[in-house]
Amino acid sequence: MRYYSTKNRDKTVSFREAVLKGIADDGGLFMPLELPKLSNQFFETIEQLSFPEIAQQVIEKFVEGEVPQKDLENILQDSYYFDAPLKQLDDNLSVLELFHGPTLAFKDFGARFMARVVSYFSRNSNREITILVATSGDTGSAVANGFLGQPGIRVVLLYPSGMVSEIQEKQLTTFDGNVTSLEVKGNFDDCQRLVKTAFQDADLTTKLRLSSANSINIARLLPQTFYYFRAYAQSKKPHGDLVVSVPSGNLGNLTAGLFAREMGLPVIRFIAALNANDVFLKYLRKGVFHSQAAIPTISNAMDVGNPSNFERIRALFQKNHAVIKQIIFSESFSDFRTREAIGEIYSKYGYVMDPHGAVGYLAVQNFPKQEKPASFHGMVLETAHPAKFRTAVEEVLPIKIEMPNRLKKCLVKEKKSIPIPNKFKDFKELLMYI
Ligand SMILES: *Cc1c(COP(=O)(O)O)cnc(C)c1O
């Protein structure tokens, strides 16, 4: 498969190059030249396949000629020792739990695969790779966890000071070994800007072998298609008209869903479920895109004012606003409504949902009646374990949330981070000399 840049469709690169570069030389994001349709047979027998087996069939064409079958199988087996179970709440509503990985959020699916692919492609090189990760909360820990202990790789994490939960901060700052955490005085967009600027800085790109690991890396995005197929495999037959609600920030998760749909997954409509950060919703309504400063909310992994994958969605549909609007519906919800929803889901279904998933739930509940297909089935992606956002959830529910063991372990460790201003000059200096 060849990959083009969203800024120039004519110049393409291999999968390897797209992964190791992270971002194209012209600053665009890599996109696969095509999204191969999966066979009918695949869909007919999908219930019998395990997660890694589904993944293998989905990803094959994207890595063809560059990762042999056997190596691919190893990478997938090693990445996915956990599953994405689908929980049926009632006949028309289900929840896809994406938090069973090591860092309790869906980003483990992309991060683990990417880490293994990057290591695979650099196994014969003696130059260390520096992975830069800007995180609004969950990305950093997932990526760092994926790369932990991998030889020849170091990870530099940037997170916005004071804008991630206490637990997230612990997860981001308690790594040993090849991970350095930078606490940036600014917001997520500042972190993202610092990373983007680093890639365009000649001194840095000469001295270091830089790669990115945000959802902008194509090796993080492609594996996020896997769980959409896995969800379909578990959904009740007949499948109904699936409407999938994706709690969205940087729009990576949604973009992967759109890829899956292009590959043949029968989803009628996607919902971009948003918190107060609603630039994408405004784009859908008005046809023009304006970024804005990120607004802090209780679903903070979605506090993004300039979602990078927007470019990919536009590229996927040849910038056709009408088509994009037809496939994606969007709605934005306040923290107040999000809290209400956490309470409602608990009292109605006895299900404990985190604030991100709750925004997804609200979006399904508010899907306009006149647009509902006859056999509507709403599927909400639960993107994080509620324990990760325990404070927000326990404020609403009359219960104490049990901490999973993998989370307890890092809570007792001491925070290790380097505070930096949001100026590129300081970031650059640090990168050159740490
Ligand atoms: C990252 C994240 C999101 C947003 O996903 P995008 O791919 O950035 O749109 C939603 N929920 C949680 C818990 C996350 O960590």
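For ligands, and for the atoms within them, numbers begin at 1 and follow the listed sequence.
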Novice: What atoms of ligand 1 come closer than 4.0 angstrom to any heavy atom of Lys107?
Specialist: 1 (C), 2 (C), 3 (C), 14 (C), 15 (O)
Novice: Within ligand 1, which atoms have a heavy atom of Leu251 less than 4.0 Å away?
Specialist: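 Counting from 1, the qualifying ligand atoms are 6 (P), 8 (O), 9 (O).
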Novice: Do Tyr159 and Gln168 get their side chains close enough for a donor-acceptor pair, meaning under 3.5 Å?
Specialist: no
Novice: Looking only at distances, can you tell me whether any N or O atom of Thr383, backbone or side chain, sits closer than 3.5 Å to an N or O atom of ligand 1?
Specialist: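 In this structure, Thr383 places an N or O atom under 3.5 Å from an N or O of ligand 1.
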Novice: Under the side chain to side chain contact (heavy atoms under 4.5 Å, CB included) test against Met379, which residue among Ile271, Asn92, Leu242 passes?
Specialist: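 Option passing the side chain to side chain contact (heavy atoms under 4.5 Å, CB included) with Met379: Leu242.
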Novice: Using a strict 4.0 Å cut-off to heavy atoms of Gly252, name the atoms of ligand 1 that fall inside it.
Specialist: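 Here the atoms of ligand 1 in question are 6 (P), 7 (O), 9 (O).
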Novice: Look only at interatomic distance and state if Asn250 has a nitrogen or oxygen under 3.5 Å from any nitrogen or oxygen of ligand 1.
Specialist: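 Right, the criterion is met.
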Novice: At less than 4.0 angstrom from any non-hydrogen atom of Ala301, what atoms of ligand 1 do you find?
Specialist: 1 (C), 2 (C), 3 (C), 4 (C), 12 (C), 14 (C), 15 (O)
Novice: Can you spot which of Phe109, Phe51, Phe99, Phe106 makes a ring-ring contact (aromatic ring centres under 6.0 Å, His included) with Phe82?
Specialist: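 When ring-ring contact (aromatic ring centres under 6.0 Å, His included) is applied between Phe82 and each of Phe109, Phe51, Phe99, Phe106, only Phe109 qualifies.
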Novice: List for me each residue that meets ring pair (Phe, Tyr, Trp, His ring centres under 6.0 Å) alongside Tyr351, sequence neighbours excluded, and say none if there are none.
Specialist: none
Novice: For Asn253 and Tyr228, does a side-chain donor sit closer than 3.5 Å to a side-chain acceptor?
Specialist: yes
Novice: Does Asp190 form a salt bridge (Lys or Arg N to Asp or Glu O under 4.0 Å) with Lys185? I'd like the steps, not just the answer.
Specialist: CA-CA 9 Å; Asp190 290 321; Lys185 207 166 161 37; over 6 Å; no
Novice: Below 4.0 angstrom from a heavy atom of Ala384, which ligand 1 atoms are there? Numbered from 1 as shown, please.
Specialist: 13 (C)
Novice: Would you say Phe99 touches ligand 1, if touching means a heavy atom closer than 4.0 Å?
Specialist: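 Under 4.0 Å: no for Phe99.
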Novice: Applying salt bridge (charged side-chain N to carboxylate O under 4.0 Å, His left out) as the test, list every pair that has at least one member in residues 251-279; sequence neighbours left out.
Specialist: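 Every pair satisfying salt bridge (charged side-chain N to carboxylate O under 4.0 Å, His left out) with a residue in residues 251-279: Arg269-Glu371, Asp278-Lys282.
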Novice: Which ligand 1 atoms are under 4.0 Å away from a heavy-atom of Asn253?
Specialist: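 The list of qualifying atoms is 7 (O).
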